[in-house]
Amino acid sequence: MRLSQLIGQRLHEAPRDAQTASHVFLMRGGFVRPLSTGIYSLLPLGRRVTARVEQIIREEMDRIRGQEILMPLVQPQELWEESGRAQAIGPELLRFRDRNDKPMVLAMTHEEAVVHLVRSDVTSYRQLPFMVYQIQIKYRDEARPRAGLIRVREFTMKDAYSFHADTESLDEFYLRVHEAYERIFRRVGLRECVSIESDTGMIGGSMSHEFMALAECGEDVIFMSPDGRYKANRDVAVSGVAFRKTEPRTLEKVHTPGRKTIEEVADFLGITPAETGKAVFYATPDGRLVFAMVRGDFEINETKLCNLLRTPELTFANDEQIRAVGAEPGYASPIGLDSTQITVVVDRSVAESSNLVVGANEPDYHQKNFNFERDLPAGATVADIATVRPGDPCPVTGEPLIMKHGIEVGNIFKLGTKYSEAMNCRFLDRNGRSRPMIMGCYGIGVGRTMAAVVEQAHDDFGPVWPMSIAPFHAHLIAINPGKGSVGEEAEKLYTELRETGVEVLYDDRGEKAGAAFFDADLIGCPIRLIVSPRTVKAGQVELKLRNGSRRDVLPRGDIVAEVRSIVEAELARLTP
RNA sequence: CGGGGCGUAGCGCAGCCUGGUUAGCGCGACUGCUUUGGGAGCAGUAGGUCGCGAGUUCGAAUCUCGCCGCCCCGACCA
């Protein structure tokens, strides 16, 4: 490709909207352009990168016997009513009507479509197991897109679905997909990418892992032990904090005028937040009230609480609801609540501590010396509902947990029979008995992976692409091409490189050297070749690696072979 | 959906408070000449519904009201 012909202007300055490194450089380098909030076009450079990412994914899916298919983006809403998700999913699912007034949706994932496809085609255990996948656009009407390509509304995703006769088969295949994902993320050049156990969320199922590319701008929070043996999403992470009980003292009411928050109460009484109990009232969508309590120095993890209560969401209860069960907002106590009207959940940190300060269910009063076993003898659930804090001991190694941010580039789920049962996707087993198929599903965000790579591999001047997904292997610059035979020499080299299979971006514009170098940095190809009056005269070509590891002047006759060998070595290095 | 910010040329911005000719600047683009190893110089050119719509006024980029769009924080999120 000739740079003079390439569509996608490089920008000297980043658009004001661009905040993260990947957003800035993908914009400045001419890889992507925004069309609307969270909706982007890919320019030729960006498309070349995503095409390479897709090809790597394709190869690894094929390696585990995946069969590529393509399912529709536009789907009738009735299909989503079959699975129950038309009701379960909120405005994130974009609904509209076609010209015949038929309710339609834009698919945000393809469980329904793939089940629809498979249930009429696969009927026997002899056909199981198998996996189909596609690389296709999804649309999610995100409440708030952010960080450029990290969180968007329209995006390309590889989604794969496996179908099994029994859970052993799914378990076995799940591990194979896990391995395939490790290969994929290694091959695309993500340096720090960990798989962590995660919450299954709205997609359901029994087990799931998220593949997290570690990056400061990531939205997800991960807790890891220093040796990496333990790693988990914040929503499932547990800490190994040890609590200590002491001799229970007598309950005692204390006057705490106007002190509602943990900090105010602890300050006023001259104690630490760890000596208090934090109470929060929630309401579930079906109208249940929940009283949740953690020790004052912890935070409640709503995801853990939701999972415990088997509810899709929790909202804060209002003062009216709180007073209706005999509690006082800001001074709430679990003591004396009517357990027929409210579910009481107490974190381990409360159950295993002694003599905490809690509310008195009376304005301006708290109670000292709350002891769970003595003061709440029945009707309360004890569970882990607290969010882990950085520095808490690891439950496995005991070392202080490290908190990291990550970009979720992929995930894998054991779905089980959630969709096959709801949508009647069944097969006949060996004994002629009809049974629902057991499913797994596996996603990778293509654009997000590209952005994650840039987050992990860039310098002040632009991205430093791994060879495997770089838009071109090499960036050839002719400096002063009008002088002597420089232009012809560069053209010859351009042709020779392409003939040996090297993908080359050729800067034939004749810009000043400085300008050409800045553009090359901004585009970020791994190998830079320079042909100039100086090198032509010496019968040489300059070679520089974008990552800064090498800068050489080589004989003209050696350069093509050398470039080829660098490309091959780099690709080999990235292949497990 | 709550809070905040911003919409003026492809990109970055000034002008707005205090209304007043043909709306500026830098970068980028185009033409020519000179340049050519880390964003060159000179000369010239093109490029604007000042987000949209009402209103106030002799006169609106500027003041008022409404709407739209975009970004950030939060809520939310297979």
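Note: hydrogens, waters and symmetry copies are ignored here, and every other heavy atom, side chains too, is used. Each chain gets a letter, A, B and so on, in the order the sequences are listed, and its residues count up from 1.
- Comparing A/D519 and A/E408 by the nucleotide of RNA chain B whose heavy atom lies nearest to each, the residue mapping closer to the 5' end is A/D519.
- Looking at heavy-atom distances under 4.0 Å, A/A520 makes no contact with the nucleic acid at all.
- Going from atom NE2 of A/H23 over to atom P of B/C11 covers 13 Å, rounded to whole Å.
- A/E210 and A/N233 share a donor-acceptor pair across their side chains, judged by distance under 3.5 Å alone.
- Spacing between B/C13 and B/C6 at atom P, rounded to whole Å, works out to 12 Å.
- Other residues, nucleotides and ligands contribute at most 12 non-hydrogen atoms within 6.0 Å of the CD atom of A/E216.
- Distances shown here put every side-chain N or O of A/S36 at or beyond 4.0 Å from the OP1 or OP2 atom of B/G69.
- Residue A/S532 has no polar side-chain atom (N or O) positioned under 4.0 Å from OP1 or OP2 of B/G37.
- Remark: P of B/G37 and CZ of A/F518 are 14 Å apart, rounded to the nearest angstrom.
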For nucleotides 6-9 of chain B, give me every protein contact, N/O to N/O, under 3.5 Å, one pair per line with atom names.
unit_1	atom_1	unit_2	atom_2	d
B/C6	O2'	A/R16	NH1	3.3
B/C6	O2'	A/R16	NH2	3.0

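- For B/A61, there is no paired base (Watson-Crick or G-U wobble, both distances below 3.5 Å).
- A/R28 pairs by the salt bridge (charged side-chain N to carboxylate O under 4.0 Å, His left out) definition with nothing, not counting sequence neighbours.
- The distance between atom CD1 of A/I479 and atom P of B/G39, rounded to the nearest whole Å, is 12 Å.
- Between the P atom of B/G39 and the CG atom of A/D521 lies a distance of 12 Å, rounded to the nearest Å.
- In this view, A/E562 and A/R550 satisfy the salt bridge (charged side-chain N to carboxylate O under 4.0 Å, His left out) rule, not counting sequence neighbours.
- On the C1' atoms, B/C65 is 22 Å away from B/C58, given to the nearest whole Å.
- Spacing between B/G47 and B/A60 at atom P, rounded to whole Å, works out to 25 Å.
- Comparing the same atom, P, in B/G48 and in B/G37 gives a spacing of 37 Å after rounding to whole Å.
- Considering only side-chain atoms of A/L522, the nucleotide from B/G38, B/G39, B/A75 that sits closest is B/G39.
- Applying the side-chain hydrogen bond (donor to acceptor under 3.5 Å, both in side chains) rule to pairs touching residues 521-537 of chain A yields A/D521-A/R528, sequence neighbours excluded.
- Considering only residues two or more places apart in sequence or on other chains, A/Q5 meets the side-chain contact (heavy atoms from CB on, under 4.5 Å) condition with A/M1, A/R2.
- A search for salt bridge (charged side-chain N to carboxylate O under 4.0 Å, His left out) contacts involving A/E542 returns A/R551, not counting sequence neighbours.
- For residues 471-489 of chain A, no residue pair satisfies the salt bridge (charged side-chain N to carboxylate O under 4.0 Å, His left out) rule, not counting sequence neighbours.
- Computed from coordinates, the A/L529 CG to B/G37 P distance equals 19 Å when rounded to whole Å.
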So which protein N/O to nucleotides 27-33 of chain B N/O distances come out below 3.5 Å?
unit_1	atom_1	unit_2	atom_2	d
B/C27	O2'	A/H12	ND1	3.2

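- Using Watson-Crick or G-U wobble geometry with both donor-acceptor distances under 3.5 Å, B/G7 finds its partner in B/C68.
- Summarising the base pairing, B/C33 is matched to B/G41 through a Watson-Crick or G-U wobble pair whose two defining distances lie under 3.5 Å.
- Nearest to the side-chain atoms of A/A143 among the listed nucleotides B/C76, B/C11, B/G37 stands B/C76.
- Whole-Å rounding puts the A/D17 CG to B/G12 C1' distance at 12 Å.
- Checked against side-chain contact (heavy atoms from CB on, under 4.5 Å), A/H178 has the following partners two or more places apart in sequence or in another chain: A/E182, A/S195, A/H209, A/F211, A/I412.
- Legend: residues meeting ring pair (Phe, Tyr, Trp, His ring centres under 6.0 Å) with A/Y506, ordered by chain and number and at least two apart, are A/Y494.
- Going from the C1' atom of B/A9 to that of B/C63 covers 26 Å, rounded to whole Å.
- The aromatic rings of A/F31 and A/W465 are tilted relative to each other, their planes meeting at an angle between 30° and 60°.
- Comparing B/A14 with B/U62, their C1' atoms sit 13 Å apart, to the nearest whole Å.
- No hydrogens or angles considered: nothing links the side chains of A/R153 and A/Y40 as a donor-acceptor pair under 3.5 Å.
- Between the side chain of A/R528 and the base of B/G38, at least one donor-acceptor pair of N or O atoms lies under 3.5 Å.
- Look at A/R144 and you'll find a side-chain N or O under 4.0 angstrom from OP1 or OP2 of B/C73.
- Comparing B/A43 with B/U35, their C1' atoms sit 15 Å apart, to the nearest whole Å.
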Every protein N/O within reach of nucleotides 40-45 of chain B N/O, cut-off under 3.5 Å:
none

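- Partners of A/R16 according to the salt bridge (charged side-chain N to carboxylate O under 4.0 Å, His left out) rule, which considers only residues two or more places apart in sequence or in another chain, do not exist here.
- Atom CZ of A/F25 and atom P of B/C11 are 19 Å apart (whole Å).
- Atom-to-atom, CD of A/Q19 to P of B/G5 comes out at 16 Å; the value is rounded to the nearest Å.
- Side-chain polar atoms of A/T387 and A/E299 form no donor-acceptor pair below 3.5 angstrom.
- Between B/G19 and B/C30, the two C1' atoms lie 37 Å apart (nearest whole Å).
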